[in-house]
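Have a look at the structure below before the remarks.
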Amino acid sequence: MIKLLKNPSQIVTVNTNGNNVKRGLEMREISLLEDYSIIVENNLIKDIIKNSAINKTKFDKIIELDNKVVLPGLIDCHTHLVFAGNRANEFKLKLDGASYEEIAANGGGINNTVNAVRNSSFDDLFNIACKRIEYAISRGITSIEIKSGYGLSFYDEIKILQVVKALRNKYIIDIIPTFLGAHTFPPEFKNDRLKYIEIIEKEMLPYVYENSLADFCDVFCEKSAFSAEETNYLLEKASNYGFKIKLHSEQFNNIGGIDLALKYNATSIDHLEMLNLEDINKLVKSDIVSVLLPGVSFFLNYDFANARAIIDNNGIVAISTDFNPGSSNIQDLNLVMSIAALKMRMKVEETISAVTINAAKALAIEKSTGSIELNKKADFAIFDAKEYSEILYNVGHNLNVLTIKNGDVIFNKENL
Ligand code: NIG
Ligand code: FE
């Protein structure tokens, strides 16, 4: 089947010349094409041709793009999308002046959601998550990462990862599962941390690995969660199994996460609001993707990560929603792109690279998606705009009208 995506106003290819990543100021080079169309064959990008050359080929199907902007399908590379309940009560406490860490120390925070997840069935969680996946697709997302981490017992962590597996079977978009059993200590092990770490090591990790329930293992390395020593211990075990590594680190405190990310050759290190200059210098020399989460700083009203320092020193930056009920109850990646530009002073072009090719690299899927290059998956987000800056400029207003995955239209605003 040969398809033609005809007549867009612009194609933002985010071309990498086969490098499949954009470092530093390269993030501004998004390779804009005007007066071109895209040929898709067998779910892959076959060619990008001048409109004047269209008549020379015969197509099985033409998708008219009617002067709209085409981007690579967007990638949300850090979410906690499978959860139940909500934390609106904590939202109110925060508005009254309580900090995120105070709320967590008083038994709220992550463990509040752990309660709700433990009291929910597989079906409850699956049905809630389906709506969220469909919302993401309607925002132009064609790949998304989902973490466990609100079960914190063998049964409940596996339940979440089984939900993610069922979502992968139901939806055509790429869903990348991450095991985050080391999100925090559950109340029953607050005073026996070693026991919980042993359960992760001896029960959860082997089961998750043997049943292929996660590609990545993530740890929250933070004063209120896992110490550097505990994180080191778990990352060593996870690496030995063959998990790729991610870290939640430098969110509120700097306790050594960067050195551990380097030691275990992490694919990404996420948050980094408190990253210091010395650690920036180490990070930018590596191939680790810095996944910044400006929705968290906005939602919790604290410092934004220093995106400028990482980019200006040749680092690799991705951005993501971190969608979760406590620190970023924000599902909309388009909104997060606007916040990244306005509050972290990222250029529009850098922001686009950060949710396409660099987000793909943060999930180790950059060879097959994340840019409009030949033989990559035909994944596209189409926006009702003449010029790509309009996507960020229209803050909180979704301009995505068509989402295409593997060459198939999976969302069309006109059909709503
Ligand atoms: O990425 N930092 C730790 N974990 C999540 C928040 C989880 C929660 O508050 O429920 C995050 O911000
Ligand atoms: Fe997170």
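Whatever order the structure lists them in is the order used to number ligands and atoms, beginning at 1. All values reported here derive from a predicted model rather than from experimental measurement.
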Pair [X] and [Y], ring centroids less than 6.0 Å apart:
X	Y	result
Tyr233	Phe226	no
His80	Phe323	no
Tyr302	Tyr100	no
Tyr388	Phe383	no

| request: Tell me, please, whether Tyr241 has Lys237 positioned over its six-membered ring: NZ or CZ under 6.0 Å from the ring centre and within 45 degrees of its axis? | output: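 Verdict for Tyr241: no cation-pi partner in Lys237.
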
| Between Phe216 and Lys244, is there a cation-pi geometry (under 6.0 Å to ring centre, at most 45° from the normal)? |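 Verdict for Phe216: a cation-pi partner in Lys244.
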
To check your reading of the model: name the closest protein heavy atom to [atom], its residue, and the distance in Å.
atom	value
atom 6 (C) of ligand 1	Tyr100 OH, 3.2 Å
atom 2 (N) of ligand 1	Gln251 OE1, 2.7 Å
atom 4 (N) of ligand 1	His183 NE2, 2.8 Å
atom 12 (O) of ligand 1	Ser327 OG, 2.5 Å

| Element-labelled atoms of ligand 1 that are located less than 4.0 Å from some non-hydrogen atom of Gly326 |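 That gives atoms 9 (O), 10 (O) of ligand 1.
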
| field | Ligand-residue contact atoms, ligand 1 with Ile110, heavy atoms, under 4.0 Å | value |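 Under 4.0 Å from Ile110, ligand 1 has these atoms: 7 (C), 8 (C), 9 (O), 10 (O).
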
| field | Electrostatic pair Asp287-Lys361, nearest N-O below 4.0 angstrom | value |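 The answer is no: the pair does not qualify as a salt bridge.
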
| said: With respect to the Fe ion (ligand 2), please indicate if Asp270 possesses an N, O or S atom at a distance under 2.8 Å. | reply: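 For Asp270, the answer is no, given that no N, O or S atom comes within less than 2.8 Å of the Fe ion (ligand 2).
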
| said: Is His80 close enough to the Fe ion (ligand 2) that one of its N, O or S atoms comes in under 2.8 Å? | reply: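 A backbone or side-chain N, O or S atom of His80 is under 2.8 Å from the Fe ion (ligand 2).
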
Does ligand 1 have any atom sitting under 4.0 Å from a heavy atom of [X]?
X	result
Asp322	yes
Tyr150	yes
His80	yes

| said: Testing the basics here: between Ala238 and Ile245, what is the closest heavy-atom pair and its distance to 0.1 Å? | reply: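 Nearest pair, atom of Ala238 first, then Ile245: CB-CD1, 4.0 Å.
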
| Out of the N/O/S atoms in Asp322, what is the name of the one closest to the Fe ion (ligand 2)? |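 Atom name of the closest N, O or S in Asp322: OD1.
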
| query | What angle sits at the Fe ion (ligand 2) between NE2 of His78 and NE2 of His248, to 10°? | reply |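 Computed angle, vertex at the Fe ion (ligand 2), rounded to 10 degrees: 90°.
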
| task | Report, as yes or no, whether the 6.0 Å neighbourhood of atom CG on Asn240 holds more than 12 heavy atoms from other residues, nucleotides or ligands. | result |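 Count over threshold, so yes.
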
| message | Once you restrict to heavy atoms under 4.0 Å, what part of His78 touches ligand 1? Side chain, backbone, both or neither. | response |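 For His78, the contact with ligand 1 is made by the side chain alone.
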
